[in-house]
2 protein chains.
Amino acid sequence: MDISEANGRAAREAEDTSGRAAHEALAVVLQIRDSELCVLLWKRALPPHEGCWSLPGGRLRADESLGASIRRQLAQKVDVRDLSHLEQLETRSDPGRDPRRRTLATAYLGLVPAHVDPVVPDDTGWHPAADLPPMAFDHAAIVHSGRQRLRAKLSYTNVGFALAPPEFTMSELSGYYRAALGHDVAATNLRRVLLRRGQIEDTGRCVPSGRSGGRPAALFSFRERTLQITDAFAVLRPPSTSL
Amino acid sequence: MDISEANGRAAREAEDTSGRAAHEALAVVLQIRDSELCVLLWKRALPPHEGCWSLPGGRLRADESLGASIRRQLAQKVDVRDLSHLEQLETRSDPGRDPRRRTLATAYLGLVPAHVDPVVPDDTGWHPAADLPPMAFDHAAIVHSGRQRLRAKLSYTNVGFALAPPEFTMSELSGYYRAALGHDVAATNLRRVLLRRGQIEDTGRCVPSGRSGGRPAALFSFRERTLQITDAFAVLRPPSTSL
DNA sequence: CCAAAAGTGTTGGAAGTACACCCATGG
DNA sequence: CCATGGGTGTACTTCCAACACTTTTGG
């Protein structure tokens, strides 16, 4: 590196007021409510995008990681203990994404199991993820990314644990899968697939039949409550000799 | 470090209390070289981690997106036209990841096809991704993420297009897959899998046999040179009636 | 006994691996 | 004509969707 380049670099770093870009953490918090995949949104009271809905989150503080930041900020919206899973999604950096000032946003995907109904502030509510209200900034696109991520992971990980309550019947579980995937999932086959993969197990207990009769449904639970990849090499798996 | 940079740093750290951190873009640039998956690294001449190797990249400027930033900065290391694919990987935000000042890093995965040999600066070189030299900051972990991402995508997308030259024989291609996946891939089956999925096509041309004889190998090429998901629903696919 | 819901057995197809065999070329 | 490497055919396996059939309950 020659002198002029070194100077150029120093100058760049000094003038690098770009270092001033604000950074925020956002979360796409999804929950299956009433057989529908819903996302937690917050209604903006002030411009820009006044009256539009936006994702919960906000500024990153000086000494916290993004993960810690989104947990802290979500705590103002939902009880964080209700969050069964949280993972980083993507970082948005379009210079024009916030008209006020340059702001980068790192989005997280959060999941809340179906059986809880967290208390949320008045300006905050659940909306069908497939039919969003008018959204602020690029938040609609971020919700879309979150749905895609969940869809994909349902197929090769045990992420269902984060959508389902601790115990559930197979028809309930197939309902969660249907809501998240957007298509029918046969309970009878889902049971075999997840059992073979070792994701779920029969608790031995069951649920009494409803008023209209029917055989009582067995209760299942997920074996692990942390994300596991259960179906890694869908294709192109290593040769059997290497096992 | 010169005065202007010191001033810039002090200023930045002061305003850090207002929640602003520096942001950089980094890239895990992978290429198969000599049948081995390699990553482009740059040797640090200055502390911290003097003498250790780090990922190419640097500060985000005021008016560029992260994608534009990493392209600009990679241009100083390799001809960007050699990059056959670039995608966002993850954002690292541990407050202690850079001992000098708070810095967030968004990492990208870049791929360079096997046939080119970009000119790189003296302090920059290719290293086996499976056997990294001493690495600065959290860059070793980021390289690991990049390898994992490539591995996964080879199995359900056409990302092979970004590893292979425009035309290739099946044994060459299986070599790239072997290097990236870390296990043997039979050329004969790979051919059928990728043909069935419509990822590759026979160009009609072939390559003369080597000095030791053998049947001439047919030349193939990828149909698409942008990322396509070719094997979406590995499992839990929608019912056939919904097609 | 009938309706309803859950669970089991079975079939068939799709996708991939493994491997034997055939083909084309150079010496 | 033989060694070498590429290509084809095929058997076998795994995984899963589909669907008929059985089981267990409430009225």
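Letters A, B, ... are given to chains in the order of the sequence lines, protein chains preceding strands, and every chain is numbered from 1. Worth saying up front: this structure is predicted, and the values here are computed from it rather than measured.
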Report summary line: Among dG16(C), dG7(D), dT25(C), the one nearest any side-chain atom of Arg196(B) is dG16(C)
Requested in this report: For the residue pair Phe161(B) and Phe222(B), categorise the inter-ring angle as parallel (less than 30°), tilted (30 to 60°) or perpendicular (more than 60°).
Outcome: perpendicular
**Report entry** Lys/Arg N to Asp/Glu carboxylate O, Asp117(A) vs Arg33(A), below 4.0 Å
**Finding:** yes
Report summary line: Atom CG of Leu194(B) and atom C1' of dG16(C) are separated, to the nearest Å, by 12 Å
Report task. Check DNA chain C against residues 211-218 of chain A and give the residues with a non-hydrogen atom under 4.0 Å, in numerical order. Result -> Ser212(A), Gly214(A), Arg215(A), Pro216(A), Ala217(A), Ala218(A)
Report task. Output yes when at least one side-chain N/O atom of Arg197(B) is less than 4.0 Å from OP1 or OP2 of dA15(C), else no. Result -> no
Requested in this report: Applying side chain to side chain contact (heavy atoms under 4.5 Å, CB included), run through Leu104(A) and Arg92(A) and close with a yes or a no.
Outcome: CA-CA 6 Å; Leu104(A) 280 79; Arg92(A) 295 261 168 173; over 6 Å; no
Requested in this report: Could you tell me whether Tyr156(B) and Tyr156(A) have their ring centroids closer than 6.0 angstrom?
Outcome: no
Query raised in the report: Rounded to whole angstrom units, what separation is found between the CZ atom of Phe220(A) and the P atom of dA6(C)?
Result: 11 Å
Query raised in the report: Do NZ/NE/NH1/NH2 and the carboxylate oxygens of Asp138(A) and Arg97(A) come within less than 4.0 Å?
Result: yes
Query raised in the report: Is Asp184(A) salt-bridged to Arg178(A), going by a charged N under 4.0 Å from an acidic O?
Result: yes
Query - No-hydrogen, no-angle side-chain donor-acceptor test under 3.5 Å, Glu172(B) and Ser174(B) - result: no
Below 3.5 Å is the cut-off: list the nitrogen or oxygen pairs between protein and nucleotides 9-11 of chain C, distance only.
| unit_1 | atom_1 | unit_2 | atom_2 | d |
| --- | --- | --- | --- | --- |
| dG9(C) | N7 | Arg192(A) | NH1 | 3.0 |
| dG9(C) | O6 | Arg192(A) | NH2 | 2.8 |

**Report entry** Nearest-angstrom distance from the residue atom CG of Leu195(A) to P of dC15(D)
**Finding:** 14 Å
Query - Nearest-Å distance for atom pair CG/P, residues Leu190(A) and dC16(D) - result: 11 Å
Query raised in the report: Does a salt bridge link Arg149(B) with Glu90(B), judged by any charged N lying under 4.0 Å from a carboxylate O?
Result: no
Report task. Mind calculating the distance between OH (Tyr177(A)) and C1' (dC16(D)) to the nearest angstrom? Result -> 15 Å
Report task. Give the rounded distance in Å between these two atoms: CG of Leu219(A) and P of dA6(C). Result -> 12 Å
**Report entry** Glu172(A) CD - dA5(C) C1' separation (whole Å)
**Finding:** 13 Å
**Report entry** Integer-rounded Å distance: dG7(D) P and Leu173(B) CG
**Finding:** 12 Å
Report summary line: Rounded to the nearest 0.5 Å, the CG atom of Leu89(B) sits from the CD atom of Gln148(B) at a distance of 10.5 Å
Requested in this report: Under 4.0 Å between any heavy atoms, over every strand shown, what does Ser171(A) touch: base, sugar-phosphate, or nothing? Just pick one.
Outcome: sugar-phosphate
